[in-house]
Trainee: 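Sharing a structure, written as structure tokens. Questions coming.
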Amino acid sequence: MPDVRILHNPRCGKSRGALELLNARGLQVEVVRYLDTPPDAADLRQIIAMLDEPAGALVRRDARFRGLGVEEASLADEASVIDLLVAHPRLLQRPVVIHDGRAVIARPPERVDELFGGP
């Protein structure tokens, strides 16, 4: 059984960096390429419950986001965030690292250390 799960995009430098840090710790890592296997609403609900951040932190505010015309105020509502990410998985902030009932958005990648009590 893996020690850690990472929602990963191999084209993203931050995501690759977080994966390198996890591998350097000698952990068994379950790599989920979320663009190939997007999280469903239940997965997103679980991740949000494990974050120490509001649900809206999971949403990338990039050109794609702006192009959709999403109102920033709607990101305060967990259900709206989930609906948005199910419909547009590319908007998921990456990487998301999950360990022992906790999750972090590893931007910067060193945030993975928060899951293990430091470096």
Trainee: Check Pro109 against Ala18 and note the closest heavy-atom contact, atom names and distance.
Mentor: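 It is CB-N, 3.5 Å.
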Trainee: Could you tell me whether a side-chain N or O of Asp77 sits under 3.5 Å from a main-chain N or O of Ser74, the two making a donor and an acceptor?
Mentor: no
Trainee: Please check if the side chain of Arg102 supplies one atom and the backbone of Leu51 the other of a donor-acceptor pair under 3.5 Å.
Mentor: no
Trainee: I'd like to know if the side chain of Arg61 and the backbone of Arg66 have a donor-acceptor N/O pair within less than 3.5 Å.
Mentor: no
Trainee: What heavy-atom pair brings Val86 and Ala41 nearest, and what distance separates the two atoms?
Mentor: CG2-N, 3.7 Å
Trainee: Between CZ of Arg25 and CD of Glu20, what distance do you get to the nearest 0.5 Å?
Mentor: 14.5 Å
Trainee: Any side-chain heavy-atom pair from His99 and Val29 closer than 4.5 angstrom?
Mentor: no
Trainee: Closest approach of Met50 and Ile98, non-hydrogen atoms and distance?
Mentor: SD-CG2, 3.8 Å
Trainee: Is any side-chain heavy atom of Phe116 closer than 4.5 Å to a side-chain heavy atom of Asp3?
Mentor: no
Trainee: Let me confirm one number: the CG-CD distance from Leu58 to Glu78, rounded to the nearest 0.5 Å.
Mentor: 9.5 Å
Trainee: Look up atom CG in Asn9 and atom CZ in Arg33, then write down how far apart they are to the nearest 0.5 Å.
Mentor: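 The CZ atom of Arg33 is 8.5 Å from CG of Asn9, to the nearest 0.5 Å.
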Trainee: Rounded to the nearest 0.5 Å, what separation is found between the CG atom of Leu85 and the CG atom of Asp40?
Mentor: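 One gets 12.0 Å once the value is rounded to the nearest 0.5 Å.
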Trainee: Same cluster or not: are Leu19 and Val97 linked, directly or through other Ile, Leu, Val, Met, Phe, Trp or Tyr residues, by side-chain heavy atoms under 4.5 angstrom apart?
Mentor: yes
Trainee: Check whether any side-chain heavy atom of Asp62 sits under 4.5 Å from a side-chain heavy atom of Leu91, and report yes or no.
Mentor: yes
Trainee: If two hydrophobic side chains count as joined below 4.5 Å and joins carry through other members, does Val96 share a cluster with Val112?
Mentor: no
Trainee: Tell me, do Leu115 and Asp100 make a side-chain contact under 4.5 Å, heavy atoms counted?
Mentor: no
Trainee: Would you confirm whether Arg94, through its side chain, and His8, through its main-chain N or O, come within 3.5 Å as a donor-acceptor pair?
Mentor: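 Checked: no pair found.
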Trainee: Could you tell me if the side chain of Arg107 sits less than 4.5 Å from the side chain of Arg60, heavy atoms only?
Mentor: yes
Trainee: Is the shortest heavy-atom distance from the side chain of Ile82 to the side chain of Ile48 under 4.5 Å?
Mentor: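 The answer is yes, as the side chains (C-beta and beyond) meet within the 4.5 Å cut-off.
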Trainee: Search all heavy atoms of Tyr34 against all heavy atoms of Leu7 and return the closest pair with its distance.
Mentor: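 Smallest heavy-atom distance, with atoms named: CD2-C, 3.9 Å.
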Trainee: Mind checking whether Leu21 and Ile105 sit in one hydrophobic cluster, side chains of I, L, V, M, F, W, Y counted as touching below 4.5 Å?
Mentor: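 No: no chain of side-chain contacts under 4.5 Å links Leu21 to Ile105.
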Trainee: Provide the closest heavy-atom pair for Val32 versus Thr37 in the form atom of the first, atom of the second, distance.
Mentor: CG1-O, 4.1 Å
Trainee: Where do Ile47 and Ala103 come nearest, in terms of heavy atoms and distance?
Mentor: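 The answer is O-CB, 4.3 Å.
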Trainee: Is there side-chain contact between Leu84 and Leu68, with heavy atoms separated by less than 4.5 Å?
Mentor: yes
